[in-house]
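Have a look at the structure below before the remarks.
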Number of protein chains: 2
Amino acid sequence: MARAAKSSGQTGEAVEAAIAGDIQAGALPPGSWLKQIDLERRYGCTRTDIRRALDRLTTRRLVQHIPERGYYVCLPDDRRKAELREIRVILEMAMVDFLAATPEAIAELRRLAERFAEASAAGTHLERYESNREFHVYLTGLSRNRELAALIVDLRGHLPATPVMQWHSQARIEQSAAEHFAMVEALAAGDGPRLKALLADHIRQPTR
Amino acid sequence: MARAAKSSGQTGEAVEAAIAGDIQAGALPPGSWLKQIDLERRYGCTRTDIRRALDRLTTRRLVQHIPERGYYVCLPDDRRKAELREIRVILEMAMVDFLAATPEAIAELRRLAERFAEASAAGTHLERYESNREFHVYLTGLSRNRELAALIVDLRGHLPATPVMQWHSQARIEQSAAEHFAMVEALAAGDGPRLKALLADHIRQPTR
DNA sequence: CTCCGCATTATTGGCGCCAATATTGGCGCC
DNA sequence: GGCGCCAATATTGGCGCCAATAATGCGGAG
């Protein structure tokens, strides 16, 4: 199902985000061809918007382009996923040294960790995905190195499919929730090394 | 002066690269407006090509876009430059752990270090810029983590102006050349920590 | 029955026109 | 003489048409 086909929003990045979302949510399966005619109907926008969005998604390598043939959703590539995950580990561990955590920020992080825990216990896949994402994005946003924060968030959007679908066991999900809380506490205690270790383990989990 | 306005090359990334090059070479000064009409004449391509290129350069933040006004070359931002440099330090130090250096690769690196040294002694600014770039790109390419290598190279293209122009003293340049050789030797000796230290110092220099 | 080739159809992607909007320059008013 | 408003001009950016090219389906030959 198409998400939020706002037929008259400020089209531009909106379409790109919508397509990216549908790819990561699995609505547009890996390998499928993205016909411009379909897309412009699905998202209720013009062909020009679609082309811009596809071009940008190509640079993000969420889709690939073959001239005179079209665009298709990138196939999952285990090697690439592993490499990107390792880059996330590198960047997020480095980010810890730039974190500026106010008490309010820590309170907000606790709230977000709580939300993810709730979604883990009784929530849809989408809720889990989004609350998890929010936690990490907020944490990232605490970095005084704005470029580093932006890069990390950006990188999240570079992973093709293998979406929320197959988050493994319930036990694993709840462990993730617990890890979120542990990270908050490490941050609150100003224990950088511990936070780094927690982050590394957390990210290196098969999915998420 | 416009560089290589190949009026009938495969326009696409070519135009983007050409504009990026002119920005980094200073031909398109920071703050100047990039009128589409001028650009399509300068690079001998169509308006569509120009628009795609400008859109991509906007995502790279080499230019900025104001709707109904146009695109202009990003102004140098010291904070941003410092942050990006710090990210380079993080990534290139991390890259050291992924390096796979064959004897041939080390020989090639020596050759490139030599070329930069020659350009340092008696070469144009452009030659220095390019040979320096080649050294770093080649070194980066030795990483077994292809995504990491791609990210590092990508990041080099995100720095706006303050180009080769003002490479400071001749002494500094020759020190850079010496550092290149030292890095090669550290790599050849398999001394990761030393290579990391050299890289960090090298990158943290005011320019380059 | 299968395979090859051709005509038809579907799709991409370039190009240019034009409306909307900002900028410039001139003219009159204070 | 300076300031501000308004007309003329310049520029952006959307939209749709159409040529080039690839995919598809049909029919005939082996």
Side-chain angles (χ1 to χ4, degrees), chain A residues 2 4-20 22-23 27-75 160, chain B residues 2 4-20 22-23 27-75 160:
Chain A
K6 44 168 59 180
S7 47
S8 68
Q10 85 290 354
T11 61
E13 321 203 353
V15 178
E16 179 190 1
I19 298 178
D22 280 344
I23 289 175
L28 299 172
S32 60
W33 287 96
L34 299 172
K35 315 212 173 186
Q36 298 178 7
I37 293 187
D38 296 342
L39 295 180
E40 68 185 284
R41 276 202 277 266
R42 172 188 260 254
Y43 300 102
C45 60
T46 88
R47 166 111 22 150
T48 307
D49 295 318
I50 294 296
R51 288 199 198 155
R52 253 215 300 276
L54 288 175
D55 185 59
R56 288 183 176 179
L57 291 170
T58 300
T59 69
R60 282 167 61 174
R61 290 205 279 179
L62 272 175
V63 307
Q64 268 195 286
H65 176 57
I66 300 179
E68 314 295 342
R69 286 289 312 279
Y71 298 83
Y72 64 92
V73 181
C74 270
L75 298 160
Chain B
K6 44 168 59 178
S7 47
S8 67
Q10 84 290 356
T11 61
E13 321 203 353
V15 178
E16 180 190 0
I19 298 178
D22 281 344
I23 288 175
L28 300 172
S32 61
W33 287 96
L34 300 172
K35 312 212 175 189
Q36 298 178 7
I37 293 187
D38 296 341
L39 296 179
E40 68 184 284
R41 274 202 278 266
R42 172 189 260 254
Y43 299 103
C45 60
T46 88
R47 168 131 352 173
T48 307
D49 294 319
I50 293 296
R51 289 200 198 151
R52 253 215 299 278
L54 288 175
D55 185 59
R56 288 185 179 179
L57 292 170
T58 300
T59 70
R60 281 167 61 175
R61 290 204 280 179
L62 272 175
V63 306
Q64 268 196 286
H65 176 57
I66 300 179
E68 314 295 341
R69 287 289 311 280
Y71 298 82
Y72 65 90
V73 181
C74 269
L75 298 160

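Residue numbers start from 1 in every chain, and the chains themselves are labelled A, B, ... in the order their sequence lines are given, proteins ahead of strands. It should be emphasised that the depicted structure is a prediction, and the values quoted were computed from it without experimental measurement.
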Could you list, one pair per line, each protein nitrogen or oxygen that sits under 3.5 Å from a nitrogen or oxygen of nucleotides 6-10 of chain C, together with the distance?
none

Of all heavy-atom pairs linking A/I19 and A/A53, the shortest is CD1-CB, 4.1 Å
Distance col, row B/R60:CZ vs B/I23:CD1, nearest 0.5 angstrom, shows 8.5 Å
Identify the heavy atoms of A/L62 and A/A20 that sit nearest to each other, and give their distance.
-> CD1-CB, 4.0 Å
For residues B/W33 and B/Y71, report the shortest heavy-atom separation together with the two atoms involved.
-> CE3-O, 3.4 Å
Please round to the nearest 0.5 Å and tell me the distance separating atom CD of B/Q36 and atom CG of B/D49.
-> 11.5 Å
Looking only at non-hydrogen atoms, find the nearest pair between B/R56 and A/D55 and report the distance.
-> NH2-OD1, 2.6 Å
Distance-minimising heavy-atom pair for B/Q64 and B/C74 | CG-SG, 3.6 Å
Letter by letter from the 5' end, nucleotides 13-25 of chain D scores (B base, S sugar-phosphate only, - none; protein heavy atoms under 4.0 Å) BBB-----SSS--
Identify the heavy atoms of A/V15 and A/C45 that sit nearest to each other, and give their distance.
-> CG2-SG, 3.8 Å
Which is true for B/L34 with a 4.0 Å heavy-atom rule: it touches a base, it touches only sugar-phosphate, or it touches nothing?
-> sugar-phosphate
Rounded distance in Å - CD1 (B/I50) to P (D/dT12) = 11 Å
So among A/T58, A/L54, A/T59, which one has a side-chain contact (heavy atoms from CB on, under 4.5 Å) with A/H65?
-> A/T58
Taking five pairs at each end, how big is the angle between the two axes of the helix from C/dC1-D/dG30 to C/dC30-D/dG1, to 10°?
-> 10°
Nearest-0.5 Å distance that lies between atom CD in B/E13 and atom CZ in B/R52 | 9.5 Å
